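Input: a single structure, listed below in structure tokens.
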Number of protein chains: 4
Amino acid sequence: MVSTHRAPATASADDPTPTTRSRDVRSRLVDVAAELFARHGFEGTSVQTVVEAAGVTKGAMYHHFTSKDDLLYEIYARVLRTQINQLLRIAELDLPVDQRVHAAAVDVVESTIASLDDSIIFFRSMHQLGPDKQMQVRAERRRYHERFRDMIEEGQRTGVFSSAVPADLVVDYHFGAVHHLSTWYREGGPWRATDVGNYFADMLLSALRP
Amino acid sequence: MVSTHRAPATASADDPTPTTRSRDVRSRLVDVAAELFARHGFEGTSVQTVVEAAGVTKGAMYHHFTSKDDLLYEIYARVLRTQINQLLRIAELDLPVDQRVHAAAVDVVESTIASLDDSIIFFRSMHQLGPDKQMQVRAERRRYHERFRDMIEEGQRTGVFSSAVPADLVVDYHFGAVHHLSTWYREGGPWRATDVGNYFADMLLSALRP
Amino acid sequence: MVSTHRAPATASADDPTPTTRSRDVRSRLVDVAAELFARHGFEGTSVQTVVEAAGVTKGAMYHHFTSKDDLLYEIYARVLRTQINQLLRIAELDLPVDQRVHAAAVDVVESTIASLDDSIIFFRSMHQLGPDKQMQVRAERRRYHERFRDMIEEGQRTGVFSSAVPADLVVDYHFGAVHHLSTWYREGGPWRATDVGNYFADMLLSALRP
Amino acid sequence: MVSTHRAPATASADDPTPTTRSRDVRSRLVDVAAELFARHGFEGTSVQTVVEAAGVTKGAMYHHFTSKDDLLYEIYARVLRTQINQLLRIAELDLPVDQRVHAAAVDVVESTIASLDDSIIFFRSMHQLGPDKQMQVRAERRRYHERFRDMIEEGQRTGVFSSAVPADLVVDYHFGAVHHLSTWYREGGPWRATDVGNYFADMLLSALRP
DNA sequence: AATGAATGAGCATTCATTCAT
DNA sequence: CATGAATGAATGCTCATTCAT
């Protein structure tokens, strides 16, 4: 995040995308907003603050986003896109199910820690989204949950995992812990992201032992 | 028009608590505020809305609470008081450590579900609290965490539990799941509170098997 | 309108109405708003302008009126109240019907000219009123129209007036002319209010001759 | 990219009107604006709304009109052009003066009803016009009034009409009723345009009987 | 204890217009 | 001719809090 701010639109003349400038504005706004919403909350951050930090005018922001709410939604969309892609990538690896679950369980911890700001916003500000957008986010979130659950169920069906606990609850248990990370995890604390990921994944796998 | 007009609800002089009426007003305000803050968020609920719902006037509210913030703090204080008492009660039972941990793990799920509103507020609105009060809440929360962790450590020391995962992370894992409940648990869904509590406690104990 | 502004609440101590102060604020706002809305239009007048001219703060205005719209409505209500009372007074006089119609026809012209500002607003800004309030105004306006029409019909039934033109259209014809006054009538022009009133009333009566 | 990219709709050099295409755009904009201004008011209609409804871009609109105000002015100009032509046509017929007045009185009602939208705008939005344009409109309007008044005066001079009421006031009386039409007349109501026109013209002539 | 009018700073949003391309 | 990103000032309205009574 060093030379991003106010970069004087140095897109080379042969840049094929005509929207380089506007992509700059859009994504700069989303980046800045994510940071501010995480630090001060959605309601605690004024549009004025966001646009000032992004170095654009209010009018420009409203040219690209229909509302403050819309800006928030874009943050959600960005997180969800990343997370689901990551999960699908792992779920389709050619590995035994317990190894896939372990890898996914580690990955969700690591990537959550990698963008803790997004995570803070995700669970704290969902209710600020309009009802329609909230439903879209929930639907996408459910897809994510279901894809993970399918792996658990696969393991249960094939006897690799215990069936003592319903797969849905297993997923909620693990994801709850992940969600909670933004509350207590701090960079420079006693554990690196990968440590926490492995500890949590190990606990998950232990809990699933037949 | 100073002391007329009001039924002489004169609390006896040696009564240490405020008058019955004012206790009524105080707790009615806290109750109403908890519901509204959970439903619409702290910033999404105006003081006007709260006092109207509680059937008192704004002036009355500011007589009992120094600020809107203070009202929020009272909600936190109420939750924390209840939770810590409950945990201490269980932790001091004369039972093997794994049974105590299991009981505590079930209980925290059940009591969280019993007052889901409080839980919604707890994690969503912490940052609305002033820095001082936020620190107080965090300190109390830490005490709670530590008391639970102590039980885990006791089990690890005595070989009842595996020491593979640091006790602190074990607690964070379980509490994360509990925290997450307010996001997905719904009355009338497939599981009763006690079911979820037992499933989660079972997973925790499974994960801790040596 | 000399010493009204900012009068230092000189209500004598034995003033029985407890709301003298707030009535001051309310009616001062309505007066000022009527003048400004007439001069610059409803949309062309900002709330800021109104409250500055009335010497109150924006918050105070919103304490008394729920919206800018509500302020406009109050102007309408005031006009309608006055007009309907005046018409009823005349309609109930013990005079032949043609004299009552003449008197009412003169009076509506005179009173419209007496408060031309209100009339300018009335027809220019109706559409700025919310749908509910617009309906209320229309209903009240219809009552007024109907009371006038009843007198015309009475004259037609009794043969004093010609029945060549439906009574409703007769009323619309005359009221149209009255409505139009705010477009062209100017104080200090060739005719006094009473002149115009009598000329118009004479034309109406002439048109109604059998 | 100056003169490329556009089909060579080259209007012949001696064609005094702008190119067909641009005439299309211009008049489409005026048409659409008239409808929107009538329905939502001038201030209640954004330039964005107008250009979207007309299927052109904002830039295109500002190419043809110097401002939103200018668009409004064009509506006024169009109405005035039509009305004055119509009046002159009738005033120059070779008929007795009372018949000419009757015909003109009917015609102004009918043509007003034929384009009620324009009439709504005419009286409601005059004050939105800049002072210069407002003066131009008023001047043209005065010409119209005077041409009508001349006919009345001709009738008064020749004894066909009563001189009891000044001709100017007679015109204001009738035109007021016409102006008012947009407030109450509705297609599909009890009277067709021609009915109302004849009733009103009859009243006017009756009122003018010596 | 309680009232309710008043404050005043702050907020999200709109919009006519400009201008480089 | 046309585009669409950008401007910047203005707007209606909210709200926690205060204070005279």
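In what follows, every chain begins at residue 1, and chains take the letters A, B, ... in the order their sequences are listed. What you see is a predicted model, and the numbers here were worked out from it, not measured in a lab.
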[X] [atom1] to [N] [atom2]: how many Å, rounded?
X      : N      : atom1 : atom2 : value
A:K68  : E:dT14 : NZ    : C1'   : 17 Å
D:L36  : E:dC15 : CG    : P     : 13 Å
B:F65  : F:dA16 : CZ    : P     : 15 Å
B:H40  : F:dT14 : NE2   : P     : 16 Å
B:Q128 : F:dC15 : CD    : C1'   : 14 Å
D:L29  : F:dC1  : CG    : C1'   : 14 Å
A:E43  : F:dC15 : CD    : C1'   : 12 Å

Any side-chain donor paired with an acceptor under 3.5 Å for A:Q136 and A:Y73?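 Yes, side-chain donor-acceptor contact under 3.5 Å.
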For A:Q48 and B:V56, find the nucleotide of DNA chain E closest to each by heavy atoms; which residue's nucleotide sits nearer the 5' end?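 Per heavy-atom nearest nucleotide, the more 5' residue is B:V56.
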Select from C:T57 and B:G59 the residue whose nearest nucleotide in DNA chain E is closer to the 5' end of that strand.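 It is B:G59, whose closest nucleotide lies nearer the 5' terminus.
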Under 4.0 Å between a side-chain N or O of [X] and OP1 or OP2 of [N]?
X     : N     : result
D:K58 : F:dG4 : no
C:H63 : E:dA6 : no
A:H64 : F:dG4 : no

Assign C:T49 to base, sugar-phosphate, or nothing according to its heavy-atom contacts below 4.0 angstrom with the strands shown.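 Since no nucleic acid heavy atom lies under 4.0 Å of C:T49, the category is nothing.
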Mind checking if B:T66 touches a base, just sugar-phosphate, or nothing, with heavy atoms under 4.0 Å?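 No contact.
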What is the pairing partner of E:dT14, taking Watson-Crick or G-U wobble pairs with both distances under 3.5 Å in any strand?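 Partner of E:dT14: F:dA9.
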Could you let me know what E:dA1 is paired to, Watson-Crick or G-U wobble, both distances under 3.5 Å, or none if it's on its own?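 Its partner is none (no Watson-Crick or G-U wobble pair with both distances under 3.5 Å).
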NZ/NE/NH1/NH2 to OD/OE distance under 4.0 Å, D:K133 and D:D70: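 Salt bridge present between D:K133 and D:D70.
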Decide, yes or no, whether a salt bridge links C:E35 with C:R39 under the criterion of side-chain N to carboxylate O below 4.0 Å.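 Salt bridge: yes.
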More 5' along DNA chain F: C:F42 or B:M61, using each one's nearest nucleotide?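 It is C:F42, whose closest nucleotide lies nearer the 5' terminus.
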Axial cation check for C:F65 ring with C:R26, 6.0 Å and 45° limits: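 C:R26 over C:F65 ring: yes.
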